[in-house]
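In what follows, a structure is listed as structure tokens, so that the remarks can point back to it.
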Amino acid sequence: MPSIPILRSDTMLDFDVRPVEKRVGLVVLATDHTTEPDFRRMVASEHIGVYTARIAYANPTTPENLRRMQPRLAEGAALILPDEPLDAICYSCTSASVVMGDDAVEEAIASAKPGVPVITPPAAARQALTAFRAQRIAVLTPYTEQTSRPMAAYFGVHGFDIARFTCFGLDDDREMARIAPASLVRAAVEAMTPDADALFISCTALRSAGVAAEIEAATGRPVVTSNQATAWAALRLCGDDRSRSEGGRLMTLPLPGEAWS
């Protein structure tokens with residue numbers, strides 16, 4: 001084979017500070033079907049890049065199993081654009097963040113990505129409910145009663161009054177991801193009560209973010225979902241304050257001033 005000459009270009013190259021202006025990191029479960037599609041739809045743009053690392057997780061979804069992910073958080077976060085800063089990073093598991101504690105999740109991720117705002121779904125949901133000035137809430141989860149109890153306690157400790165708490169009794173996040181959005185709408189309407197200020201739909205596996213606006217239209221109340229809340233927080237931390245009413249009322253609101261300050 002004849003040798004092909006390789007020429008080195010003499011063109012003067014200009015370099016941007018970053019290939020994409022803003023960077024959002026996602027630490028997701030190995031079994032997650034939903035977070036990445038939701039963030040591609042709600043967060044990613046020509047100005048915001050979304051970068052993902054997956055960490056080992058095996059069902060069933062129990063408090064004990066969820067806690068086993070804690071030692072893997074730092075390793076997962078470190079794999080997202082190593083040695084480069086992010087504008088926000090999200091650990092995309094609501095129930096695990098509750099049983100580990102927001103502070104423990106933040107500490108683990110901060111050890112790999114110091115100085116980066118860490119978003120957990122329950123913390124984002126609290127900020128979202130605060131933005132709505134909601135105090136009495138209804139909650140819908142796909143979990144078993146055992147896994148739902150820490151969630152109820154979490155919101156109680158943070159000052160919310162729970163008007164009704166409903167769960168599906170599932171223990172496999174892959175099955176949770178398969179629940180048809182139309183079924184989620186029906187279940188959400190049934191889970192709401194007339195005396196609740198808002199409805200929180202927990203779990204990053206559920207495809208509930210895509211039907212939040214539909215549920216709001218059916219119930220007449222604000223709806224907060226795990227992925228919707230984390231996407232909202234990530235956008236606002238990246239300086240994107242545009243109103244996206246198609247994603248539900250939350251996507252039209254600013255982040256509360258004290259959030260992730």
Side-chain angles (χ1 to χ4, degrees), residues 42 63 90-106 117-143 145-168 184-204 206 208-209 211-237 241 243-245 247-261:
M42 294 188 290
C90 171
Y91 171 48
S92 193
C93 188
T94 319
S95 52
S97 297
V98 164
V99 299
M100 293 179 199
D102 293 322
D103 290 344
V105 172
E106 181 174 355
V118 177
I119 304 168
T120 69
R126 287 193 288 110
Q127 294 294 342
L129 292 167
T130 298
F132 283 122
R133 298 182 181 177
Q135 294 181 322
R136 186 166 171 80
I137 63 173
V139 181
L140 175 63
T141 84
Y143 319 125
E145 182 178 338
Q146 177 195 21
T147 303
S148 293
R149 287 198 178 281
M151 187 74 61
Y154 176 93
F155 282 97
V157 164
H158 286 286
F160 294 94
D161 181 21
I162 297 179
R164 178 182 290 170
F165 197 114
T166 306
C167 70
F168 294 153
L184 293 174
V185 174
R186 291 194 299 271
V189 171
E190 292 175 2
M192 192 51 149
T193 61
D195 59 337
D197 301 323
L199 172 67
F200 172 53
I201 305 176
S202 180
C203 191
T204 58
L206 294 181
S208 51
V211 290
E214 185 177 348
I215 297 168
E216 288 178 334
T219 62
R221 303 296 170 84
V223 171
V224 174
T225 85
S226 290
N227 285 349
Q228 175 209 42
T230 54
W232 166 73
L235 285 168
R236 300 303 184 248
L237 287 170
D241 296 321
S243 176
R244 295 173 169 86
S245 59
R249 299 184 201 177
L250 178 62
M251 302 301 281
T252 70
L253 300 180
L255 200 64
E258 73 279 6
W260 290 281
S261 57

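The figures here come from the full heavy-atom set of this structure, side chains too, leaving out hydrogens, waters and symmetry mates.
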Value rounded to 0.5 Å, distance of CZ in Arg136 from OG1 in Thr193: 6.0 Å
Quick check for you: to the nearest 0.5 Å, what is the distance between Arg249 atom CZ and Glu216 atom CD? 5.0 Å
Do the ring centers of Phe200 and Phe155 come within less than 6.0 Å of each other? yes
Assess whether a salt bridge exists between Glu190 and Arg186, defined as any Lys/Arg side-chain N lying under 4.0 Å from an Asp/Glu carboxylate O. no
Can you tell me how far the CZ atom of Phe132 sits from the CG atom of Leu253, to the nearest 0.5 Å? 5.0 Å
Is a donor on one side and an acceptor on the other found under 3.5 Å between the side chain of Arg244 and the backbone of Leu250? no
Under 3.5 Å side-chain donor-acceptor pair for Thr141 and Ser148: yes
With a 4.5 Å cut-off on side-chain heavy atoms, are Pro122 and Asp102 touching? yes
Nearest 0.5 Å, please: how far is CG in Leu129 from CG in Asp197? 9.5 Å
Please round to the nearest 0.5 Å and tell me the distance separating atom CD1 of Ile137 and atom CZ of Arg126. 11.0 Å
Evaluate the side-chain proximity of Thr225 to Leu206: yes if any heavy-atom separation is below 4.5 Å, no if none is. no
Can you name the closest pair of heavy atoms from Gln228 and Ala212 and give their distance? NE2-CB, 3.8 Å
Provide the closest heavy-atom pair for Thr230 versus Pro121 in the form atom of the first, atom of the second, distance. CG2-CA, 3.5 Å
Looking at every heavy atom in both Ala138 and Met192, which two are closest together, and how far apart are they? CB-SD, 4.0 Å
With the side chain counted from C-beta on, respond yes when Phe168 and Leu184 share a heavy-atom pair under 4.5 Å apart, and no when they do not. yes
Begin from the C-alpha positions of Ile215 and Leu199 and carry the test side-chain contact (heavy atoms from CB on, under 4.5 Å) through to its verdict. CA-CA 9 Å; Ile215 297 168; Leu199 172 67; 4.2 Å; yes
Of the non-hydrogen atoms in Val105 and Met100, which two are nearest, and what is the gap between them? CG2-SD, 3.9 Å
Taking the side chain from Gln127 and the backbone from Leu255, do they hold a donor-acceptor pair closer than 3.5 Å? no
Indicate whether the side chain of Ser202 and that of Tyr143 have a donor and an acceptor atom separated by less than 3.5 Å. yes
Backbone N/O of Ala191 and side chain of Thr166: donor-acceptor pair under 3.5 Å: no
Of all the heavy-atom pairs spanning Asn227 and Met42, show the shortest one and how long it is. O-CE, 3.7 Å
Taking it one step at a time, do Met251 and Leu235 satisfy side-chain contact (heavy atoms from CB on, under 4.5 Å)? CA-CA 9 Å; Met251 302 301 281; Leu235 285 168; 3.6 Å; yes
Criterion side-chain contact (heavy atoms from CB on, under 4.5 Å) on Arg164 and Val139, from CA distance to verdict: CA-CA 6 Å; Arg164 178 182 290 170; Val139 181; over 6 Å; no
Can you establish whether the number of heavy atoms outside Arg149 located under 6.0 Å from its atom CZ is more than 12? no
Looking at CH2 of Trp232 and CD1 of Ile119, how far apart are the two atoms once the value is rounded to the nearest 0.5 Å? 10.0 Å
Considering all heavy atoms, the nearest Pro63-Gln146 contact: CD-CD, 3.8 Å
